[in-house]
Amino acid sequence: MPAVSSPEAVASAVHAPLREATFLQDKFGRAITDLRLSVTDRCNYKCVYCRTGNDGEQYAELALDEYLRLARVFVSLGIAKLRLTGGEPLLRKDLVEMVRELAKLRTPTGEKLDIALTTNGHLLAELAQPLKDAGLNRITVSMDACDAATFARITRVPGSYERVLAGVRAAQAAGLAPVKVNAVLLRGFNDDQIERFAEFSRHENVIVRFIEFMPLEEDRVWTPEIVVPMREILERLGNIRPVVALPPNAASETARRYTFDDGIGEIGIIAPVSLPFCGHCSRIRLTSDGKIRTCLFSQMDHDLYGVMRRGGSDEELAAFIRKVVDQKEARHHIGEPGFQKPSRSMVHIGG
Ligand code: SF4
C-alpha cells in the first residue's frame, strides 16, 4: 500500500499563507474551498456498482430556498466552487432555477461562484442549454461504458447509452465544453472499455476520466481485486499510442492528466485507492437532507439543517460549519487493517 500523506505532510501541503481567518480551513491547514451539494438521492438508473439494490433507503430533500440559504452561508465562508450532485440532480424540477439563483452569489472577494454539475446524462439533452443560460459553468457526465450493450448492462436501463451520448453532445453545443466524462472501472465488468474510451475522448473531444472503484456501494461488494489501478490503466493507454503527462490545473485537482503524443484527446485518472490525494483535499459535502460530511469516508454526519430548522441564524450556521470543518479527517484508510466503510453509500452522499 503506497504511503499516504501523513498529517504533517498534509499540513505542509498548504501553499500560500491563508487569507483572513474568515475562510474555511481544517486543522491540517487545508483550505476548504469546494462544496459538493447533493440535491436529491433519487436516481433514474440502478448502476450495478452503486445501487446494488437492497438498502432501499431514501433520504429527505430540502426546499429550494433552504439549499440556497445554506449555499449562501457556505459561500460567505470562502467556498468558491460548488458542484451539484445526487443521486441524479436533473430529476429536480427546480434545478435550472437553483442554478440561476446560485449564479447570483459572490464570494467574499467579489468573485462569481464556479458552479458545476455531475449527472448521469439521461435528461441532459433537453436541459443542457437552459442550465448553461442559467449560469452553469462546468459539467461532468458519469458514463461507465461507450457501447450500448455494456452501458445498459451497467445502468440496468435499456436505451440509456444513446440518450447520454445525445446529452454529452447537447452540453458541448450549449458551450459547456470541455465536457468531462467520468468512468468508474470494475475488473471483469467494464475494464474492457479503456481503449474504447480513449478513442471516445479523441473522437468526441471530451475529457475522459477513469476512476478507481472505491468501497462506497450499497451492498458492499468492493474488494481490492476488483480495482483496476492507475498503473494498469496507463499501461493499457500506452499500448494505443505514447501517453504524455499534462500539468495539473490546480493543486487540489483529483485527476492526473494525460494526452497522447499527437495531442489529441485528454485522459484523466482519479486514483483514490492506489495513489490517494487527501493531502490537498479542499472538499466537503452537504447531503440532500442537509448533513455535512467532511470526507467521502466519514463515519458520521453533522446535522447543519437541524440548526436551521431550530431557527439558527446565519452566524450560528457559519459557526457550526467552521466547527465541523475543523474535525475533517486527514485521509481515508482504504485497504488498511481496521478500515471501516463509510456510514452512507455513494448514492446517499453525492459524488
Ligand atoms: S478520501 Fe476524504 S480526505 Fe481523501 S480526498 Fe476524498 S474526501 Fe478528501
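Atoms within a ligand are numbered from 1 in the order they appear, just like the ligands themselves.
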Discussion item. Does the protein place a non-hydrogen atom closer than 4.0 angstrom to atom 3 (S) of ligand 1?
Written reply: yes
Worksheet item: Does Arg187 pair with Glu232 as a salt bridge, N-O distance under 4.0 Å?
Response: yes
Response to the item:
Counting heavy atoms under 4.0 Å, the part of Arg285 that contacts ligand 1 is side chain
Item to complete: For salt bridge (charged side-chain N to carboxylate O under 4.0 Å, His left out), just list the numbers for Glu126 and Arg163, CA-CA rounded to whole Å, side-chain angles, deciding distance to a tenth of an Å, and then say yes or no.
Response: CA-CA 10 Å; Glu126 305 83 9; Arg163 285 194 65 115; 3.2 Å; yes
Worksheet item: Is there a donor-acceptor contact under 3.5 Å from the side chain of Thr155 to the main chain of Phe151?
Response: yes
Practice prompt. Less than 2.8 Å from atom 4 (Fe) of ligand 1 is the window; count the protein N, O or S atoms in it.
Written response: 1
Worksheet item: By number and element, which atoms of ligand 1 are closer than 4.0 Å to a non-hydrogen atom of Arg283?
Response: 5 (S)
Discussion item. Looking at Glu199 and Arg196, is there a salt bridge between them, counting it only when a charged N and a carboxylate O are closer than 4.0 Å?
Written reply: no
Discussion item. Salt bridge or not between Glu204 and Arg169? Use side-chain N to carboxylate O under 4.0 Å.
Written reply: yes
Item to complete: Could you tell me whether Arg256 sits above the aromatic face of Phe277, with NZ or CZ closer than 6.0 angstrom to the six-membered ring centre and within 45 degrees of the axis?
Response: no
Worksheet item: Hey, are Arg293 and Asp301 close enough for a salt bridge, meaning a charged N less than 4.0 Å from a carboxylate O?
Response: yes
